[in-house]
Structures are given as C-alpha cells and as structure tokens.
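All chains are named by letter (A, B, ...) in the order of the sequence lines, taking the proteins before the strands, and each is independently numbered beginning at 1. Scope of the values below: all heavy atoms of this structure, side chains included, with no hydrogens, waters or symmetry mates. Only a predicted model underlies this, so the values are computations on that prediction, with no experimental measurement involved.
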There are 2 protein chains.
Amino acid sequence: MLTQRQQEVMDFLRSEHRKTGIMPSTREIQQHFGFSSQTAAVSHLTALEKKGVIQKLAGKARALMFTDEMEREPIIDIPIYGQIPAGFGDDGVPEPEGQLSVDVRSMGVSTHSTAYALRVRGDSMIDAHIMDGDVVVMEDKPANNRDIVAALIDGETTLKRLVIEKRKKFLRAENADYPDLVPLQELLVQGVMVGLVRHFGRSW
Amino acid sequence: MLTQRQQEVMDFLRSEHRKTGIMPSTREIQQHFGFSSQTAAVSHLTALEKKGVIQKLAGKARALMFTDEMEREPIIDIPIYGQIPAGFGDDGVPEPEGQLSVDVRSMGVSTHSTAYALRVRGDSMIDAHIMDGDVVVMEDKPANNRDIVAALIDGETTLKRLVIEKRKKFLRAENADYPDLVPLQELLVQGVMVGLVRHFGRSW
DNA sequence: TCATGCACTGTATAAAAGAACACTGTTCAT
DNA sequence: ATGAACAGTGTTCTTTTATACAGTGCATGA
C-alpha cells in the first residue's frame, strides 16, 4: 500500500512521536532525509494523508495524527503491585513493580477509575482459573457476595472469593486444598477483581 | 498536588490531546479559558512543568508531553476476531470485531509483531484456565509441542493444545469431555497463544 | 510584615512552521 | 505514447507560536 519511501517517512514520524511526544515539522522531516527542499517533505505528508494513514489539521503546527491511534480507545495506566502488602492503604502507597497500560474497553474500566493490579502468587484461586503469575486488575468499589476480592483479613492481605452467609462474611479459596478464611476480627475488602491479564514467555 | 486551576488546565490539555491528537498552543489555551493575556496560559504551563506533570521542549510548537505517557511502554493494537473463521488466512482478512490495545511489555509481544486475538467460545480449554469469553492473543510463529495453538484441522479452525507424539501431530482439548482431534488430512497451525485478557462485567 | 506562590493583564518581538507556485525527471500501467 | 503517481528542487509569503519583560492583586505561612 505504501511505497518504500513513504514507509520510511512513516517510520520516522512514528519514532519521533515516540521519542519526543510530538510530530516533526516539515522542516525537521526535510533535514532528517536530507532534502534540499521543504516541499519534498510536504508532498510526502500529502501522499500519506491521501492513503489514509495520517490526518492533517490545516494551518496548525505539527498537526499530524496517526489514523490508527485516532481510532484507539482511551488507554488507562494501571500500577502493578507485587506482593500484596499487609496494611495496604494504611501506611501510604507502596511502590508499583510495573505498570499495565490497556484500553478501557478491553478491561471494562472507566478512564477515571482508581484501578490497580496485583501479581498473583500461588494457586489458591486455580479453580477460578486464576494462575500463578497472572496479573489481576482490581477496582476499589463495594463488593457483592461471591465477588473475587483483595481483602485484609486479620492483618494479612490476600486474593480470595468473598462469601456472605447469614450476614457473616468470610473468604474462600478456589482450590479444595485451602480452607475457608473466617475472620477473627477484621475483614476489610480492598478491591474487587474486574479483569485479568496473562502472558507466556519471559516474566517481568 | 495541583491547584484546582492547574487541574482544569491539565484536563483541557488531556481532552484536546485526545480529540485532536495534538497539544493546544498557548493561544488556544488562552482562548478556551477566556484569558485576556497569553501569558496566563504560559505561566500555567510553566507551573505544570515545575510540578512534573508535563514536559516542554523549548522553541518548538505545541511541544508539550504528559510525563506519564512518556514513561509508558509502546502500545500495540491487536485486532480481535470473533468466530474463528474457517480458512482464515486464505481468502483475505476477515473483519475484526474489536481491538485490544495493550503495552507490549504486559503482553510479551514485540512492537512489530503480527499478533491477533480471538474471542474464546465454549469451555473446551477450561483445564488450561481459558474461559468462555476470554480474549486470547496469538502470534504467527512456529509451534512447539504442547503449545496452545489456533489450528485449521480438516477445514475447521479451533483453539487447542498441539501434541506431537511419534512424529504425528494432533490437537487435544483441555477438558476431559472433549476427544482428541486427529487430522484426517491437514493440520495447519495459524498461531500460537502468547497471552490472554479477561474481564468481568459488560461483554463487548 | 514580608516573602512566596498563585493567577492573572498588557505589550512586543523573533522564531518556527505551514502553504503556495513553478518546475524537473522517473517509473509504470493502459 | 501518454497520463498518472512518485520523488524530488527552488523560492517566496504569511500565519502561527513561543518567549520575554513589566506589572497588579490576593492569599498564606514564617
């Protein structure tokens, strides 16, 4: 679809946009490719727009955008915490061990939500099809019966299913090898699971 | 951290950037807030940079970028196909039913990979912890024994585990209720599963 | 009460950047 | 052989845009 030269221009636009956050001006394109004339850059941009891969806003500086990014849903950045820290939420915010960036539609969260994610350790939720190493996305919202929640129970935080029976709340693993966790004192829900991301290969 | 007014300016930057793909100029900020002076906009931007939420490139037009987006991994747009179409790859590219945008690190794919995704129907892979409705991310690459693959077998495409025994390839479901699929004629691997995204709530 | 940060007004200037027009030469399908 | 798309050169003009500097008024904590 694109000629080789046009692809080279697109690659330059992409790499500059990634590095600097802004689009190069026509003169910057000219300099990068060593054109003697600014018009060479302009006509390439015109061709790229005609082919539909970029869009231009007339009269504005650096006003190019990639068509595919335009059609993209808004992206949300979700901090990933490793070990579920005891007392999470009490003594400040722990350091994220990474970040998950995903479009809001695929994760079913809203742009302004306060989502966070946890890296799952162990197989206590295996029967809910949550595997060791999975990243589960949580949202801080009211929990219903049988939701999977991150909860602080007697001083420790864990990912389990919340069960409410006869007005009593307790936590249940999704693995027959693990017993129910009935709180001696407190049971504080810190988030409700809304999604999950898994990937094979290198762990991060 | 930000004052109310500064937050309003940030919100304006964000919404303009989302709508147009480019940052507003100082004059556009001035007009939007009804400032009599351009300097009001400039000093807000200076304050925002001082607080670390944006970064400016001196001397360049519309050269602002959000600090959080700078720190973000590159995003890849993965087309999601619904029904796994028979003959996928033969008669052109089928229409995606949606798109998954996710950072390359979280999905473990490279920026230039030709990844695609499939929406899972049924519970034939449930013992591999792949649920009905999950979106599985595939990459077109050589498959090894016991990889989970999308494969064309005797004219139909399906998601199963690839098993190679005694130089013979066949497909195995991860559910005892389903029989092995031994190919009568052809077994063509169309992709290897590299990741998975699940979310609760509304289905899209 | 004094400095500091905030939120502006008002004016001016120079640089950055888009846009327009007239060209040349090549390749490639009809 | 001919038009159309491609890939440029060379020049000029105007608009857009950032930047600089001199102020005002208000709140707030030291």
**OP:** Work out which heavy atom in V9(B) is nearest to a heavy atom in L48(B); give both atom names and the distance.
**Re:** CG1-CD1, 3.8 Å
**OP:** Under 4.0 Å between any heavy atoms, over every strand shown, what does V42(B) touch: base, sugar-phosphate, or nothing? Just pick one.
**Re:** base
Original post:
Using rotation axes that map the C1' atoms of four end pairs onto the next four (five pairs an end), what angle separates the end axes of the helix from dT1(C)-dA30(D) to dT30(C)-dA1(D), to 10°?
Top reply: 40°
**OP:** May I ask you to evaluate whether Q6(A) reaches the phosphate of dA7(D), defined as a side-chain N or O under 4.0 Å from OP1 or OP2?
**Re:** yes
Original post:
Is the shortest side-chain N/O distance from S36(A) to OP1 or OP2 of dT9(D) below 4.0 Å?
Top reply: yes
Original post:
Roughly how many Å is it from CD in Q38(B) to P in dC21(D), rounded to a whole number?
Top reply: 15 Å
Original post:
Just how far, in rounded Å, is C1' of dT17(D) from CE of M23(A)?
Top reply: 19 Å
Original post:
What is the distance from atom CD1 of I75(A) to atom CD1 of I75(B), rounded to the nearest 0.5 Å?
Top reply: 4.0 Å
Original post:
Between F33(A) and H44(A), is the gap from one ring center to the other below 6.0 Å?
Top reply: no
**OP:** Take T26(B) and T3(A), find for each the nucleotide of DNA chain D with the closest heavy atom, and name the residue whose nucleotide sits nearer the 5' end.
**Re:** T3(A)
Original post:
At under 4.0 Å, does any side-chain N or O of R62(A) touch on OP1 or OP2 of dA17(C)?
Top reply: yes
Original post:
Under 4.0 Å between a side-chain N or O of T39(A) and OP1 or OP2 of dT11(D)?
Top reply: no
**OP:** Could you tell me whether A58(B) contacts a base, only the sugar-phosphate backbone, or nothing, with contacts defined as non-hydrogen atoms closer than 4.0 Å?
**Re:** sugar-phosphate
Original post:
Quick one: which of dA18(D), dT19(D), dG18(C) gets closest to the side chain of S25(B)?
Top reply: dA18(D)
**OP:** Kindly say if S43(B) contacts the phosphate of dA7(C), meaning a side-chain N or O under 4.0 Å from OP1 or OP2.
**Re:** no
Original post:
Just to confirm, is there a sub-4.0 Å distance from OP1 or OP2 of dC8(C) to any side-chain nitrogen or oxygen of R5(B)?
Top reply: yes
**OP:** Counting heavy atoms from C-beta on, name the nucleotide in dT17(D), dT9(D), dT9(C) closest to the side chain of A40(A).
**Re:** dT9(D)
Original post:
What pair of heavy atoms forms the shortest contact from E49(B) to K56(B), and how long is it?
Top reply: OE2-N, 3.0 Å
Original post:
In a check of side-chain contact (heavy atoms from CB on, under 4.5 Å) between V120(A) and each of V135(A), I130(A), L196(A), which one passes?
Top reply: I130(A)
Subject >> Short N-O contact, K168(B) and E165(B), less than 4.0 angstrom >> reply: no
Original post:
Ignoring hydrogens and angles, are the base of dG8(D) and the side chain of S37(A) linked by a donor-acceptor pair under 3.5 Å?
Top reply: no
Original post:
Rounded to the nearest Å, what distance is computed from the CZ atom of residue F35(B) to the P atom of nucleotide dC6(C)?
Top reply: 14 Å
**OP:** Ignoring backbone atoms, establish whether K51(B) has a side-chain N or O less than 4.0 Å from OP1 or OP2 of dC6(C).
**Re:** yes
Original post:
Can a salt bridge be assigned to the pair E28(B) and K60(A) using a cut-off of 4.0 Å between side-chain N and carboxylate O?
Top reply: yes
**OP:** Could you tell me the separation between the NE2 atom of H44(B) and the P atom of dA18(D), rounded to a whole number of Å?
**Re:** 16 Å
Original post:
Mapping A61(B) and G34(B) onto DNA chain C by nearest heavy atom, which one lands closer to the 5' end?
Top reply: G34(B)
